[in-house]
Chemist: 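Have a look at this one before I ask anything.
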Amino acid sequence: MSELKKVLESLKKRKKEKINYTVPKLWFLEDYHIEHKELPQNEVMVNPYDFYSAVIEEYILPKKEKGIDYSKSLSKALKLKDTNGDWIKKSVLYSMMVRSSSSWDSDRSYSLDISNLDGLKETGTFVKTLALLPLLKRMGVTVLYLLPLSKYALKDKKGELGSPYSVQSFTELDPMLKEVMTGDDTTLEEEFAALVEACHILGIRVTIDIIPRTNSVVSDLIKDHPDWFYWIKASEAHNYRVPFVESIPDTTYPSKQWMKQVYESSDVLRHIKMFEKNPLEVDEEKWNSIKEKDTVKFLKKVEEEFDLRVAPAFSDQINDIQPPWSDVTYFRLYLDDPVDSKEYLKIKHNPYILCYTIKSNLYPGKKPNLELWKLLSSIIPFYQTHFGIDGARIDMGHALPKELLDMIIEEAKKVDSDFSFIAEELNMENDISAKEKGYNAMIGNGFWAEPRVSEGELKKFINMLPEKVIPAFACGETHDTRRITKREGGGKLTRFLTILNYFIPNSIPFINSGQEVYEAEPMNTGVDADQTDLLALPKDDLFYGKLALFDKYAFHYSHQTSSEIVNHLKDVVKAREKWVDQITNLSNYVQLHFYNDNQHLIGISYFNKDTNKCLIIIGNSNMWGGEYVNVYLDVLRQKSKNIETKARLIYGTYEMPRDFYDFNVNGDLYCYLGSGEVKIFEL
């Protein structure tokens, strides 16, 4: 029996009656054959056992084809042509943190409970995430990109629930994601497998985040491999800080030109002297005598017996203004010092954390920690063989030694040669390097450029993309940044960018969970955001001042305009799906120009030589004023064999689809673009 059917059977078997339970209307399909009641707050009251059963039985399973093993990657399950992972170029990605994205205050108690009045969990689970899949299909999503799913540590946790990036065990899933309604009938692992299976049935691939550079300060690996970590005295931990080097600016890239100055700094030497030998090396007999199964309790004993604890991590920039990250530490990827630093560091010392030991891609040692490397390169194959995932993003992969990165990619490709890799590369100039390393796509800097429409950065970003050797994400926000809705232009800008991103050349549309409902509060304030973003919501909002990456948080799915973007995407998705082969082939791309060109006007077109048709996308990124525009069609006319031009408006932000006859005396397209409007034509 498939894992998805196991979940279905459990829900039906364990059904309880008379439960006060609501879901957002956005999650509910009108053709579910279950008893329900629509509420005025854009919610629907349901029996949760009936509702999640209906999602599986009435929406997902009818789309399952006989004889296909959906527990495998989609490429293997459907025996698709091997693209070496380049299938991602035709994808639409949706970034999700399961714990937050499928959360809902289902008993309407004005609190998000781990166990509510009916004993049910209101934070997100794998099973509840099934209910979001119909919504993702309406948005044209073909890849579900999941933020870390591994068991994470609660010691020194960030926020109410802790950070998913503080990984305690690579191969154990986060127990918070287990569904209460299924009880012991299905395991946490079976429920994740059921989610992957459901996605594959619907034609959605699944990618995950892995974090091979850092681990929790209470990692389960410490018990058997204390030498893989860095140690300081527990009694001196309160003095641990990022070392400061005078005369070097804040947050400076650790190039070799600074190395001598860094190692001559008195504060750097003070910092290095804080590090100690690992406790196993100090006293093996004592170490073994206090060992116990629970890692946190064991490390508490280590502090008491040895006065030692694992050193927290910090940024790999010189004089970074961020304090140490109390919940994570770095792995010792090399068992010796960086080769380049040996001429500068003369004092006797123990293994230490510093920008030059962290940047092991630039400053390697001579003794790779091969046992650790083998373990790190086995993480992705574990998720491939157990759950059938299709791709992965390697967190800070560009900062890993080339040989280690090669191992990670090679081991995954052995399992599935069509596995796809996403580079956490934000610098657009590093596209060639990312491709050479084996990546199929990169994040890029769209999240920074796209919202800065009045500065002309959106247009620069679009014009730059065709020159790149791998595609970048077309996105205006990520889980680490400010929300588009809180940028200049607000919700109108969010809608504009979400729609436009489906057609930008040499890019991959990327939707950050919550973006589609105009979510204002960032999930994190890590990049291009600050603490003022925590004031995005009204003070009386349940989630005011909270971050979805660390706190109990549910997106505002019942917001007054929560279905607006999804409804706009109906015709947009149809156009993309019809034209995806042309959109993802740069030889079909033609940049369009306007008679009175300016930084706000965007013109994109794709020509299909087989049908002699073209797709035209024009947009006005001015959020405050519209204008009449004339669009040059000369380049397209030169490609076309026909003299006659016929057109149809297939999408307009403020117009319904219609036949289009507005051409000027030169035969060029003439129309009005409202503020923040996108128009899509077929010619």
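These numbers were taken from a predicted model, which means no experiment stands behind them.
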Chemist: What residues form a ring-ring contact (aromatic ring centres under 6.0 Å, His included) with Trp448, not counting sequence neighbours?
Modeler: none
Chemist: Quick one: does NZ or CZ of Arg483 land under 6.0 Å from the six-membered ring centre of Phe555, within 45 degrees of the ring axis?
Modeler: yes
Chemist: What pairs with Ser433 under side-chain hydrogen bond (donor to acceptor under 3.5 Å, both in side chains), at least two apart in sequence or on another chain?
Modeler: none
Chemist: To check you understand the geometry: which heavy-atom pair defines the closest contact between Val127 and Tyr52, and what is its length?
Modeler: O-CD2, 4.1 Å
Chemist: On a heavy-atom basis, which atom in Leu144 and which in Ile204 lie closest, and how many Å separate them?
Modeler: N-CG2, 3.6 Å
Chemist: Can you confirm if the aromatic rings of Trp27 and Tyr557 lie within a centre distance of less than 6.0 Å?
Modeler: yes
Chemist: Taking CD in Glu488 as the centre, count heavy atoms belonging to other residues, nucleotides or ligands within less than 6.0 Å. Is the count above 12?
Modeler: no
Chemist: Under the side-chain hydrogen bond (donor to acceptor under 3.5 Å, both in side chains) test, which residues partner Glu519, sequence neighbours left out?
Modeler: Tyr553, His556
Chemist: Output all residues satisfying salt bridge (Lys or Arg N to Asp or Glu O under 4.0 Å) with Glu191, sequence neighbours left out; order by chain, then residue number.
Modeler: Lys178
Chemist: Can you list everything that forms a ring-ring contact (aromatic ring centres under 6.0 Å, His included) with His36? Sequence neighbours excluded, please.
Modeler: Phe28
Chemist: Specify the closest pair of heavy atoms between Phe419 and Asn440, including all atoms of both residues, with the distance to one decimal.
Modeler: O-OD1, 4.1 Å
Chemist: Should Asp551 and Lys546 count as an ion pair when the cut-off is N to O under 4.0 Å?
Modeler: no
Chemist: Donor-acceptor check, side chain of Asn501 to backbone of Ala474, threshold 3.5 angstrom: yes or no?
Modeler: yes
Chemist: Residues two or more places apart in sequence or in another chain: which of them pass side-chain hydrogen bond (donor to acceptor under 3.5 Å, both in side chains) with Ser115?
Modeler: none
Chemist: Looking at Glu577 and Lys574, does any basic side-chain N land under 4.0 Å from a carboxylate oxygen?
Modeler: no
